[in-house]
There are 2 protein chains.
Amino acid sequence: MADINFSTAAAQPDSPGTDVSGPGPRTGDLRWDIIELLFFAYRDFVGDADQELEAFGFGRAHHRVMHFVTRYPGLKVADLLDVLRITKQSLGRVLKQLLDEGYILQKTGSNDRRQRLLYATAKGEALVAKLAGLQTDRINRAVAGLDPAGVETVRAFLRAMIDRDDPDKVLETIFGGAAKKTRE
Amino acid sequence: MADINFSTAAAQPDSPGTDVSGPGPRTGDLRWDIIELLFFAYRDFVGDADQELEAFGFGRAHHRVMHFVTRYPGLKVADLLDVLRITKQSLGRVLKQLLDEGYILQKTGSNDRRQRLLYATAKGEALVAKLAGLQTDRINRAVAGLDPAGVETVRAFLRAMIDRDDPDKVLETIFGGAAKKTRE
DNA sequence: AAGATACGTCAATATGGCTGACATAAATTT
DNA sequence: AAATTTATGTCAGCCATATTGACGTATCTT
């Protein structure tokens with residue numbers, strides 16, 4: 001699982017932008033509470049799957065790949081790269097392992113034979129379902145105190161947290177094809 | 001909604017006989033939607049800070065450390081290790097850099113002189129505030145359509161997603177000291 | 001035939017985790 | 001006082017996952 005965290009960068013001492021004093025930092029209107037709740041919630045959420053994965057010798061990268069391939073059968077390699085936002089070199093390593101160990105299989109596209117369409121095997125599906133089960137248990141516990149409208153509120157919040165301006169194929173599916181596509 | 005037009009043609013390939021089926025995986029009761037919404041929401045949420053920090057030459061690890069030190073001044077090194085759930089060796093690298101570059105400073109504990117209490121400098125606080133500002137903007141956009149009760153529902157959901165059975169110091173603070181501490 | 005596209009791969013590198021071992025200072029226990 | 005435990009730092013090395021750039025090959029498009 002991916003990251004538990006907040007930000008990223010490279011190294012540059014004595015940075016040109018050491019100017020932290022831009023328009024004057026906001027102090028009172030920041031949503032510290034939700035920021036931290038998101039951090040801890042996600043940390044524990046992904047933590048569920050992490051333990052399980054260790055037994056299989058897999059990491060978060062493997063989980064992500066298997067998850068989306070299972071959920072969206074016939075996903076192309078390029079689609080997966082969009083969703084995961086990694087490079088094909090990084091994906092390649094993980095994907096090869098999953099193919100070799102029989103969790104995923106490829107089929108040459110029938111329309112376009114250059115494409116390798118990805119499918120989860122029964123073995124892969126079983127593992128993904130197991131991991132999703134752990135996470136579902138946590139979610140069920142978390143929504144136990146909410147009425148149906150409350151659960152819908154949570155969904156609406158999460159959907160609204162997602163960037164909609166450049167959706168990949170999976171997001172288009174999730175948002176029912178209504179996602180605006182800026183460049184088109 | 002699971003399998004839309006992801007592939008040009010999706011005939012299920014003959015899956016190998018790799019049957020892992022144990023107790024029979026759950027298929028219909030899994031919260032796929034919320035699992036995926038959490039993935040995308042968190043991906044974009046942390047993405048906000050990622051870009052910003054490149055100019056400063058920092059990574060996610062730096063952000064995490066600065067964030068919690070800023071929010072909880074006087075945090076001990078051991079506390080930070082609990083919160084971040086990393087080893088002191090990993091923390092050491094990042095922390096040293098932040099100390100050297102003047103984003104954080106240490107003070108020897110007055111009660112226990114072995115402790116190094118951590119504080120953010122003005123420089124550190126400003127950077128953390130800047131990053132929190134970006135994330136706050138996203139959160140504000142996400143809750144724009146919710147009434148106050150809806151926002152409270154979101155908070156309740158996130159709180160309930162967090163493990164309470166072995167809280168670190170920061171979590172105890174967040175949960176108002178009411179968190180049960182199993183081992184003590 | 002030429003070019004673009006989808007994918008694979010090689011090589012080199014960076015970040016951020018990890019373990020184990022060991023050192024030091026200060027607090028606590030005996 | 002001596003021994004032990006605690007809080008922290010650090011060295012050395014390993015692993016997983018990410019990066020960029022370059023190149024190869026099959027295939028589709030023009």
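Convention: sequence-line order gives letters A, B, ...; per-chain numbering from 1.
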Could you pick out which residue, A/Arg113 or A/Thr87, lies toward the 5' side of DNA chain D when each is mapped onto its nearest nucleotide?
-> A/Thr87

For A/Ser90 and for A/Gly57, find the nucleotide of DNA chain D with the closest heavy atom, then tell me which residue's nucleotide is more 5'.
-> A/Gly57

Encode nucleotides 1-12 of chain C as B, S and - characters from 5' to 3', where the letter depends on protein heavy atoms closer than 4.0 Å: B to the base, S only to sugar-phosphate, - to neither.
-> ----BSBBBB--

B/Lys169 bridged to B/Asp82 by N-O distance under 4.0 Å |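 Between B/Asp82 and B/Lys169 there is no salt bridge, as every charged N stays at least 4.0 Å from the carboxylate O atoms.
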
Which whole-number value in Å describes the distance from [X] [atom1] to [N] [atom2]?
{"X": "B/Leu81", "N": "C/dG16", "atom1": "CG", "atom2": "P", "result": "16 Å"}
{"X": "A/Arg93", "N": "C/dT13", "atom1": "CZ", "atom2": "P", "result": "17 Å"}
{"X": "B/Leu91", "N": "C/dT19", "atom1": "CG", "atom2": "P", "result": "14 Å"}

Honestly, is A/Arg164 close enough over A/Phe175, meaning NZ or CZ under 6.0 Å from the six-membered ring centre and within 45° of the axis?
->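 Output yes; distance and angle both within limits.
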
How are the rings of A/Phe56 and A/Tyr103 set to each other: parallel, tilted or perpendicular (split at 30° and 60°)?
->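 Perpendicular, since the angle between the ring planes exceeds 60°.
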
Extract, from 5' to 3' on DNA chain D, the first and final nucleotides lying under 4.0 angstrom from some heavy atom of chain B.
-> D/dT6 to D/dC11

Would you say the ring centroid of A/Phe40 lies under 6.0 angstrom from that of B/Phe68?
-> yes

Trace of the salt bridge (Lys or Arg N to Asp or Glu O under 4.0 Å) decision for B/Arg85 with B/Asp79 = CA-CA 10 Å; B/Arg85 296 196 179 163; B/Asp79 295 331; over 6 Å; no

Atom CZ of B/Arg113 with >12 non-hydrogen neighbours under 6.0 angstrom =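 Atom CZ in B/Arg113 is not packed in, count stays at 12 or less.
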
For A/Asp100 and A/Lys96, what are the C-alpha separation, side-chain angles and deciding distance, and is it a salt bridge (Lys or Arg N to Asp or Glu O under 4.0 Å)?
-> CA-CA 6 Å; A/Asp100 289 348; A/Lys96 189 173 189 311; 3.3 Å; yes

Of all residues at least two apart in sequence or in a different chain, which pass the side-chain hydrogen bond (donor to acceptor under 3.5 Å, both in side chains) check with B/Glu36?
-> A/His67, A/Arg71, A/Tyr72

